[in-house]
Amino acid sequence: MTDSARDPLLDIRAGDRWLVAVAHPDDESFGCGSTIAHAAVQGAEVTLACATRGEAGEAVQGPVGHGDLGVVREGELRRAATRLGITRVELLGHRDSGFDGELPVGALCAAPVAEVADALLGLLRELRPEVLLVLDGSDGHRDHLHIGAAAREAVTRMDARPLLVEHCLPNSLLRRWLEEMRELRPDTAYHALDPAGLGRGDTEITDVLDTTAVLDRREGAIAEHRSQVSPFDGLSDELRRAFLTTDHLARVELRGAEESPGPEHV
Ligand SMILES: [Zn+2]
């Protein structure tokens with residue numbers, strides 16, 4: 001039985017249950033990997049729900065070779081999950097929508113939010129987790145926004161709601177990242193984005209975790225995604241450390257499902 005007075009994010013205990021819901025293989029490692037590993041080393045049983053197999057990812061040339069990118073990426077996901085301490089991986093069976101353009105058949109964004117929420121609700125009812133962790137979607141990827149919306153809807157349908165936590169990248173950190181990326185990868189699509197709108201406003205962050213102790217796990221998980229270009233490749237040591245050893249989180253407070261579809265950030 002959960003101690004209702006306990007803060008499940010600041011006081012993680014052995015046997016706690018966490019559900020992490022992401023859109024693509026690598027979101028768990030490039031995104032919220034340090035928070036996952038941080039929870040796992042303290043004994044939380046972490047289940048990962050991944051909506052797609054990342055078929056629209058940009059495969060790097062060389063080590064992957066030919067074949068179905070989704071198969072390759074599922075393998076990478078499962079190995080990375082093990083590195084992070086995730087005990088169970090559930091694939092929801094949608095196809096990667098891609099960053100933009102026409103939606104492929106079966107794409108995550110072609111499925112109604114309510115339908116994706118149904119799948120998450122099934123896991124929430126089975127697991128009864130203390131925490132549901134998602135990416136905040138502030139990078140603008142439509143799949144990240146879609147799975148986030150589904151997570152919010154699923155939580156509003158629960159009687160005993162888990163703490164919904166969004167993993168965020170603060171604007172101040174992303175501005176530093178963009179400056180370095182402009183020199184490293186002049187062709188990246190992120191260059192079209194307005195620096196002022198990048199990431200999450202720093203004042204919206206509710207919790208900052210020092211995840212230095214699990215850096216090796218995070219690095220190991222990132223390294224498993226060989227088919228993908230790591231967003232941290234080539235960054236200065238200082239900026240890489242800033243990304244990988246400090247995680248920024250925002251607790252989400254939701255109204256009842258019948259009142260408003262929008263989240264309120266604490
Ligand atoms: Zn993603």
Side-chain angles (χ1 to χ4, degrees), residues 7-14 16 18-22 24-48 50 54 57 60 63 73 75-89 130-131 133-136 138-139 144 165-181 184-185 190 198-200 202 205-251:
D7 184 326
L9 187 56
L10 300 181
D11 182 10
I12 301 167
R13 297 185 188 172
D16 280 2
W18 282 46
L19 177 62
V20 182
V22 299
H24 314 114
D26 80 25
D27 291 340
E28 84 299 331
S29 295
F30 294 168
C32 52
S34 293
T35 300
I36 292 171
H38 171 82
V41 297
Q42 290 172 83
E45 294 169 11
V46 184
T47 296
L48 177 71
C50 187
V60 295
R73 297 198 67 192
E76 292 172 348
L77 171 69
R78 292 187 182 279
R79 290 190 292 277
T82 300
R83 296 265 199 157
L84 293 172
I86 291 167
T87 50
R88 175 178 164 191
V89 175
E130 278 79 10
V131 174
L133 175 67
V134 296
L135 304 186
D136 76 346
S138 60
D139 65 353
H144 297 172
V165 178
E166 293 180 336
H167 180 273
C168 310
L169 292 172
N171 181 260
S172 55
L173 183 58
L174 283 173
R175 282 171 176 264
R176 290 168 60 191
W177 170 78
L178 194 59
E179 279 176 29
E180 290 200 4
M181 289 300 285
L184 287 168
R185 287 190 222 154
Y190 291 114
L198 278 181
R200 197 66 170 267
D202 288 55
I205 309 297
T206 60
D207 296 81
V208 179
L209 295 182
D210 178 353
T211 57
T212 309
V214 292
L215 178 58
D216 286 353
R217 283 181 180 234
R218 177 88 185 273
E219 291 279 21
I222 289 169
E224 292 291 355
H225 291 282
R226 293 186 186 88
S227 75
Q228 300 299 298
V229 176
S230 162
F232 311 110
D233 277 357
L235 297 184
S236 64
D237 289 347
E238 184 195 5
L239 191 52
R240 188 181 178 92
R241 254 192 108 69
F243 271 110
L244 300 184
T245 64
T246 308
D247 267 8
H248 301 84
L249 306 172
R251 298 168 190 241

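For reference, positions follow the sequence shown, starting with 1.
How far OG of Ser34 is from NE2 of His167: 7.0 Å, rounded to the nearest 0.5 Å. Between Asp139 atom CG and Phe30 atom CZ the span is 13.0 Å, to the nearest 0.5 Å. Here the NE2-CZ distance, from His248 to Phe243, works out to 9.5 Å after rounding to the nearest 0.5 Å. Between the CG atom in Leu133 and the CG atom in Asp247 there is a gap of 8.5 Å [rounded to 0.5 Å]. Annotation: the span from Gln228 atom CD to Asp233 atom CG amounts to 11.5 Å, rounded to 0.5 Å. From Ser230, atom OG reaches atom CG of Leu235 across 7.5 Å, with rounding to the nearest 0.5 Å.
At least one donor-acceptor pair under 3.5 Å links the side chain of Thr206 to the backbone N or O of Leu249. Looking only at distances, no side-chain donor or acceptor of Asp16 sits under 3.5 Å from a matching main-chain atom of Glu130. When atom types are taken as modelled, the side chain of Thr211 and the backbone of Val214 share no donor-acceptor pair closer than 3.5 angstrom. A donor-acceptor pair is defined here as one N or O able to donate and one able to accept, closer than 3.5 Å; such a pair exists between the side chain of Asn171 and the backbone of Leu198.
The two atoms that bring Asp11 and Arg13 nearest to each other are OD2-NH2, 2.7 Å, heavy atoms only. Counting all heavy atoms, side chain and backbone alike, Ser29 lies closest to His225 at OG-NE2, 3.4 Å. Residues Leu135 and Gly31 approach most closely at CD2-CA, 4.1 Å, considering heavy atoms. Annotation for Val20 and Cys32: closest pair CG1-SG, 4.0 Å, computed over non-hydrogen atoms.
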ask   = For Arg251 and Asp7, what are the C-alpha separation, side-chain angles and deciding distance, and is it a side chain to side chain contact (heavy atoms under 4.5 Å, CB included)?
value = CA-CA 12 Å; Arg251 298 168 190 241; Asp7 184 326; 2.9 Å; yes
ask   = Can Glu180 and Arg240 be said to form a salt bridge (Lys or Arg N to Asp or Glu O under 4.0 Å), step by step?
value = CA-CA 11 Å; Glu180 290 200 4; Arg240 188 181 178 92; over 6 Å; no
request  = Decide yes or no on side chain to side chain contact (heavy atoms under 4.5 Å, CB included) for Val165 and Asp207, but give the supporting numbers first.
outcome  = CA-CA 10 Å; Val165 178; Asp207 296 81; over 6 Å; no
inquiry  = Run the side chain to side chain contact (heavy atoms under 4.5 Å, CB included) test on Leu169 and Trp177 for me, step by step, so that the C-alpha distance in whole Å, both residues' side-chain angles and the decisive distance to 0.1 Å come before the verdict.
reply    = CA-CA 11 Å; Leu169 292 172; Trp177 170 78; over 6 Å; no
Using a 3.5 Å cut-off and no angle test, enumerate the donor-acceptor pairs between side-chain atoms of residues 37-48 and protein atoms at least two apart in sequence or in another chain.
unit_1, atom_1, unit_2, atom_2, d
His38, NE2, Gln42, NE2, 3.1
Gln42, NE2, His38, O, 2.8

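Counting heavy atoms from C-beta on, the side chains of Trp18 and Leu9 come closer than 4.5 Å. You'll find the side chain of Ser138 stays beyond 4.5 Å of the side chain of Cys168, heavy atoms only.
Ion pairing of Glu224 with Arg226 is present here, as a side-chain N (NZ or NE/NH1/NH2) and a carboxylate O approach within less than 4.0 Å. A salt bridge does not link Glu28 to Arg83: none of the charged nitrogens lies less than 4.0 Å from a carboxylate oxygen. The residues Glu166 and Arg200 are annotated as salt-bridged, a charged nitrogen and a carboxylate oxygen being separated by less than 4.0 angstrom.
A tilted orientation is assigned to the rings of His144 and His24, their planes being inclined by 30° to 60°.
When only modelled atom types and interatomic distance are considered, Glu76 and Ser227 share a side-chain donor-acceptor pair under 3.5 Å.
Counting non-hydrogen atoms of neighbouring residues, nucleotides and ligands closer than 6.0 angstrom, the CZ atom of Arg241 reaches no more than 12 such neighbours.
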